[in-house]
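Note that the numbering runs from 1 along the sequence shown for the chain.
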Amino acid sequence: MSGSRLTFRGITCSVFARLRKKATQNGIPIARPAGEAVKDGVRIQWKYDPDTELLEVECVKTPFWIDATRVNRRLSLEIQATLGSEHNA
């Protein structure tokens, strides 16, 4: 992954499970710790390492009507909200 990759630290297995559930509810099934998914022309790649609690996410392709910066911003907000709710629990 290159370019607009987002990196998140402190992603425990339980946080990753919650992120997977959110993604699935939004039509993006995440079956593995690393992979790629496409929805509505938006292609996202991710790589999760449970040993280092590191998650890398990147929007690698978008249709003409939305840019990757906007998608990455939304991804970042969702991941940070999930991470924050885990720390406040």
Side-chain angles (χ1 to χ4, degrees):
M1 289 187 271
S2 64
S4 58
R5 177 180 53 207
L6 304 171
T7 302
F8 300 91
R9 301 186 188 290
I11 305 294
T12 63
C13 289
S14 65
V15 170
F16 187 66
R18 289 174 60 206
L19 290 169
R20 287 178 58 188
K21 184 177 180 180
K22 272 187 175 183
T24 299
Q25 289 171 340
N26 286 290
I28 304 170
I30 296 180
R32 300 171 199 214
E36 181 176 285
V38 179
K39 181 179 179 194
D40 299 329
V42 175
R43 181 178 306 234
I44 297 171
Q45 293 178 343
W46 67 90
K47 180 179 171 189
Y48 172 61
D49 183 343
D51 295 329
T52 60
E53 296 185 345
L54 186 70
L55 174 63
E56 297 176 330
V57 181
E58 182 176 5
C59 175
V60 294
K61 185 177 182 196
T62 60
F64 73 92
W65 48 267
I66 190 169
D67 63 38
T69 302
R70 185 173 172 193
V71 174
N72 278 337
R73 191 174 317 126
R74 179 67 189 264
L75 285 168
S76 182
L77 289 171
E78 289 293 333
I79 293 167
Q80 289 175 356
T82 302
L83 185 56
S85 66
E86 177 80 5
H87 289 245
N88 293 328

Legend entry - Considering all heavy atoms, the nearest Ile30-Arg20 contact: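 Looking at all heavy atoms of both residues, the closest pair is O-NE, 2.9 Å.
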Inset, instruction - For Val42 and Cys59, work out which heavy atoms get closest and say how close. - result: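 Closest approach of Val42 to Cys59: CG1-SG, 3.9 Å.
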Inset, instruction - State, yes or no, whether a side-chain contact exists between Ser76 and Phe8 at a heavy-atom distance under 4.5 Å. - result: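 Yes, side chains in contact.
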Can you tell me how far [atom2] of [Y] sits from [atom1] of [X], rounded to the nearest 0.5 angstrom?
{"X": "Ile28", "Y": "Lys39", "atom1": "CD1", "atom2": "NZ", "answer": "6.0 Å"}
{"X": "Arg9", "Y": "Ile11", "atom1": "CZ", "atom2": "CD1", "answer": "10.5 Å"}
{"X": "Arg18", "Y": "Ile79", "atom1": "CZ", "atom2": "CD1", "answer": "12.5 Å"}
{"X": "Glu36", "Y": "Gln45", "atom1": "CD", "atom2": "CD", "answer": "4.5 Å"}
{"X": "Lys47", "Y": "Arg5", "atom1": "NZ", "atom2": "CZ", "answer": "8.5 Å"}
{"X": "Thr62", "Y": "Asp40", "atom1": "OG1", "atom2": "CG", "answer": "12.0 Å"}

Legend entry - All side chain to side chain donor-acceptor pair (under 3.5 Å) counterparts of Thr69, not counting sequence neighbours: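 In terms of side chain to side chain donor-acceptor pair (under 3.5 Å), with neighbours along the sequence ignored, Thr69 is linked to no residue.
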Inset, instruction - Just jot down the ring pair (Phe, Tyr, Trp, His ring centres under 6.0 Å) partners of Tyr48, sequence neighbours excluded, or say none. - result: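 By the ring pair (Phe, Tyr, Trp, His ring centres under 6.0 Å) rule, Tyr48 matches Phe16.
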Legend entry - Residue among Leu6, Leu19, Val15, Thr7 satisfying side-chain contact (heavy atoms from CB on, under 4.5 Å) with Leu55: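 Single side-chain contact (heavy atoms from CB on, under 4.5 Å) partner of Leu55 among Leu6, Leu19, Val15, Thr7: Leu19.
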Inset, instruction - Answer yes or no: are there more than 12 heavy-atom neighbours, outside Lys61 itself, under 6.0 Å from its atom NZ? - result: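 No, not enclosed.
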Inset, instruction - Please lay out, stage by stage, how Ile44 and Val60 fare under the test side chain to side chain contact (heavy atoms under 4.5 Å, CB included). - result: CA-CA 6 Å; Ile44 297 171; Val60 294; over 6 Å; no
Inset, instruction - Return yes if some donor-acceptor pair links the side-chain N/O of Trp46 with the main-chain N/O of Arg32 below 3.5 Å, else return no. - result: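 Flag set: sc Trp46 to bb Arg32 pair under 3.5 Å.
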Legend entry - Linked, directly or transitively: Val57 and Ile66 (ILVMFWY side chains, under 4.5 Å):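 Val57 and Ile66: one cluster.
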Legend entry - Partners passing side chain to side chain contact (heavy atoms under 4.5 Å, CB included) against Glu78 (at least two apart in sequence or in another chain):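 Partners of Glu78 under the side chain to side chain contact (heavy atoms under 4.5 Å, CB included) test: Lys22, Arg74.
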